[in-house]
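Structure first, then comments.
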Amino acid sequence: MDPNSPDSENHDLLERLTPSQVEAVQHRDGPLLILAGPGSGKTRVVTHRIAFLLRQGVPAWQILALTFTNKAAEEMNLRLARLAPGESVWTGTFHRFCARMLRRHARLVGLEENFSIYDTSDSRKVLRAAIDDTDISLSHVTVDQIANEISNAKNNLVTSNQFVSRAGQTLGGVVEVAYPVYQKRMLQANAVDFDDLLLHLATMLRENPELRKAMDDRYRYIIVDEYQDTNFSQYAIVRALSRDHPNLAVTGDPDQSIYGWRGANLRNILDFEHDFPQVRVVRLEQNYRSTSNILRVADQLIAYNTQRKPKQLLTDNPPGNPVRLVRYPSSRDEAEHIVAQIADDIAHDRRRPRDFALFYRINSLSRALENAFRNAGVPYQIIKGLEFYQRKEIKDVLAYLHLINNPKSDMSLLRIINVPPRRIGKATIKRLDEYAQRYGVSLLDAAREAKTIKTLRKPAVVALHGFVEMFDALSPLATAPLHELMEQLLAESGYRNWLEESELEEDAERLANVEELLTDASEFDTQSPDDAPLEAFLEQAALVSDTDEWEVETNKVSLMTLHAAKGLEFPCVFIVAVEQGMLPHERSKEDPDQLEEERRLLFVGITRAEEELQISNAAYRFMRGNQEMAIPSPFLMELPREEMEVFEPKSSPHIDETWDDHTDDDDTYVQDIVDDDPEELGFDDPLMDEAIQHDIEQQQMTRPAAASVMTADQLLNNALDGDSEADERGAIPPEDFVEGMIVNDPERGLGRIVKLSGKEKKRTATVQFFTSPRLRHYVLAYSSLVPVQSADDT
DNA sequence: AAGTTGGAAGTTTTT
DNA sequence: CTTCCAACTT
């Protein structure tokens, strides 16, 4: 319906737009507030407006478009490329923009240009270390609570110097102590957390009027998408850049504000008219996305929120099918029936996999759904599985890169100084840290001075020296192509070898992931001929999110949280587990504001659907390894039930008349019911008994014979036997080993003893195995090493 | 120093 | 049911 060919779009930007859309597109100078309901063509308006500005002669570099996610920015870029080919307008997330500005003016806030961006888990570790520096007791508050409070403070532009606790607040008192220590550690490491990116830029703009003016001048036209989700520091930044040239256009929908927990301040949008009195307000209330049935359900639900400007959702779309409300007997039924429904539609060519999306409140709900999809063989993608950049091996390699880029990054050093194992243990690190703290140097510099650290033992000094040498060999490659740097790194550090040598299945997988990162690096090399590729790569890795991984093109069913669903649309949507404690979530129920946010979350989910929508819950949900009774969400009572189709399949849905479009034979769901209880479903097939008999025989054949009939006494005896055996095995007297002797290790094979040290129980052998260049150390009194051939025999 | 085993704890949403 | 950490073993 929308050809979007470059020519037709360029011919007249205002063609095929409604009057209010035209009003927003044509608005040129002065503040503009676009209140856009779901599916009202908001992105279309924004991109057309940018194209319009460009057409009017505004240079591309004077326009700044800030989005909430990288994906939204990408999409905007894509559409802009069609509307205004050859022009490049900077589009990106707030965090990316801040990082960019901060690189340029890092010194103004006490950072260096090569600062590192720590993710949540890294900054959490720094906080823990900071707390250890103080005498804070964690008996009444958790690290997470403290972190949250610091984050809140930063989002409200309260710096570590300014934070003052109100009298009598336990948490506040703790934060007052921990916040400055944490911030000092971050600065020492030349690192920032996500909140710092915003806080530092806002501070910088406030304290440097000249710079603020210059940037205000540079970015004449600013567009902010999803303005309802901005927090105070983001607001301050945008405001600071729109004083001399208040050409600020924001789009948003207060009803879709779902990031209050992250400091998003609804007042930013509700008070926009107050902050910018000259503002032009454009309302986009016509919905082009959903059927009127879907829209009515959304409309009725959101009307229950009290903190809102009343607004009607309008559409000329046909009513479509009724919205389905389903209560399943169990979460398993829910998953399997939904998948069966989808499989059926695909099998009959009514839909493609990519037409479907499943939304849930919390990530852990994805597992059950995933299993159902896998069993049915329906292709699916999860937005956020175990995210790539959170995996240990990826974080390890990135830590090496971080340290090369920013040698002060102690967090990175701690992560990799003994990975792969270099015989640098807890004790050594503790002494190193003491030295570093005392002299105010980085851990790397402390390691450099290992010789002068009195508390360190010789082997530790040698090991540390080796690490520093390795690092110094790598660091000249900091400006080399990424791929080259990483290849060297993996070789020099021994990381690749370490994984290759391991026999663990897990490590083979890790190696594959590392290779994938290497591929990313090569791609990055060819795509962005940046003058600082390392820094750019690390920044990208830090600021990617899970929704960014979503593949629009592939033909798969999408599974995601309700939060991740924002900004997307699908022909068929299933929202699952709409139950008390899940949605609204347990932790939102006391606070009425949070409860309203939960309602908005469901609203966002509902309004993603174009044609079909099913909302479901289950009577029993499998959580934490056991069945738990679930109560339907109170939100369901707020929906216009008389206009919906309400199903409550009792025990086996295929008996229920309402499920007649699912025949027994193509339905994995029914198959499982059969497994559970064949009799109840009326199976009187005489072959059944035989089949069961056969199954039992099969099981008996594959089962180890005696294991199941062992008595407790026998088990105990077995355990004792095992112990004594081990004692005897280790009883080869340590004196029997000599240097040069060939030995066998049951796991690693043959090797030669190159060195012996220590006495009696502490006598250790250094063994060079034939299969690997690495030396291994054995405490002979406990080892499973067996002499194969004495040195004399050779 | 490194690996292994056991127990305890914890699971909202994300840049 | 996992996943993470602490104590224990080798």
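Proteins come first, then strands; the chains are lettered A, B, ... in the order of their sequence lines, and each starts at number 1. Every value quoted in this text rests on a predicted model; they were computed, and no experiment measured them.
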Exercise. Between B:dT14, C:dC1, B:dT12, which nucleotide gets closest to the side-chain atoms of A:R587?
Worked result: B:dT12

Problem set entry | Rounded distance in Å - NZ (A:K566) to C1' (B:dT12) | 16 Å

Exercise. Side-chain N or O of A:S364 less than 4.0 angstrom from OP1 or OP2 on C:dT2?
Worked result: no

For this session: Look at the side chain of A:R262 and decide which nucleotide, out of C:dT2, B:dT15, B:dT12, has an atom nearest to it.
Result: B:dT15

Exercise. B:dT14, B:dA1, B:dT15: which one has an atom nearest the side-chain heavy atoms of A:Y259?
Worked result: B:dT14

Problem set entry | Parallel, tilted or perpendicular, as decided by the 30° and 60° cut-offs, for the rings of A:F68 and A:Y259 | tilted

Seminar exercise, completed: Picking from C:dC4, B:dT13, B:dA1, the nucleotide nearest the side-chain atoms of A:R423 would be B:dA1

For this session: Check the geometry between A:W261 and B:dT13 and answer yes if their rings are stacked (centres below 5.5 Å, planes below 30°), otherwise no.
Result: yes

For this session: Look at all strands and tell whether A:D119 reaches a base, only sugar-phosphate, or nothing, counting heavy atoms closer than 4.0 Å.
Result: nothing

Seminar exercise, completed: Stems of at least 3 consecutive Watson-Crick or G-U wobble pairs (donor-acceptor distances under 3.5 Å) involving DNA chain B, listed by first number, are B:1-10 with C:1-10

Seminar exercise, completed: Whole-Å distance, A:E628 CD to C:dC1 P, equals 13 Å

Problem set entry | Flag if over 12 foreign heavy atoms under 6.0 Å of CZ, A:R103 | yes

Problem set entry | Whether A:N418 side chain and A:R423 backbone form a donor-acceptor pair below 3.5 Å | yes

Exercise. Under a 4.5 Å cut-off applied to non-hydrogen side-chain atoms, are A:Q594 and A:W261 in contact?
Worked result: no

For this session: Look at all strands and tell whether A:D195 reaches a base, only sugar-phosphate, or nothing, counting heavy atoms closer than 4.0 Å.
Result: nothing

Problem set entry | Validation row: A:V143, A:I146 side chains within 4.5 angstrom (heavy atoms) | no

Exercise. Under 4.0 Å between a side-chain N/O of A:N418 and OP1 or OP2 of B:dA2, yes or no?
Worked result: yes

For this session: May I have the distance from A:Q228 (atom CD) to B:dT13 (atom C1'), rounded to whole angstrom?
Result: 15 Å

For this session: For A:Q540 and B:dT15, give me the distance from atom CD to atom P, rounded to whole Å.
Result: 14 Å

For this session: Take A:D144 and A:L198, find for each the nucleotide of DNA chain B with the closest heavy atom, and name the residue whose nucleotide sits nearer the 5' end.
Result: A:D144

For this session: Report the distance from atom CG of A:L601 to atom P of B:dT12, rounded to the nearest whole Å.
Result: 14 Å

For this session: For A:I150 and B:dT15, give me the distance from atom CD1 to atom C1', rounded to whole Å.
Result: 18 Å

Exercise. Is any side-chain heavy atom of A:F194 less than 4.5 Å from a side-chain heavy atom of A:S123?
Worked result: no

Exercise. Less than 4.5 Å apart, any side-chain heavy atom of A:L197 and any of A:L543?
Worked result: yes

Exercise. In terms of side-chain heavy atoms of A:T93, which of B:dT15, B:dT12, C:dT3 is nearest?
Worked result: B:dT15

For this session: Rounded to the nearest angstrom, tell me the gap between atom NZ in A:K426 and atom P in C:dC5.
Result: 12 Å

Exercise. What do you reckon, is CZ of A:R367 surrounded by more than 12 foreign heavy atoms closer than 6.0 Å?
Worked result: no

For this session: For A:H95 and B:dT15, say yes or no: do the ring centres fall under 5.5 Å of each other while the ring planes differ by less than 30°?
Result: no

Exercise. Of the candidate nucleotides C:dC1, B:dT12, B:dA1, which contains the atom at the shortest distance from the side chain of A:T428?
Worked result: B:dA1

Exercise. For B:dT13, does either OP1 or OP2 sit under 4.0 Å from a side-chain N or O belonging to A:N363?
Worked result: yes

For this session: To the nearest Å, give me how far apart CE (A:M560) and P (B:dT14) are.
Result: 11 Å

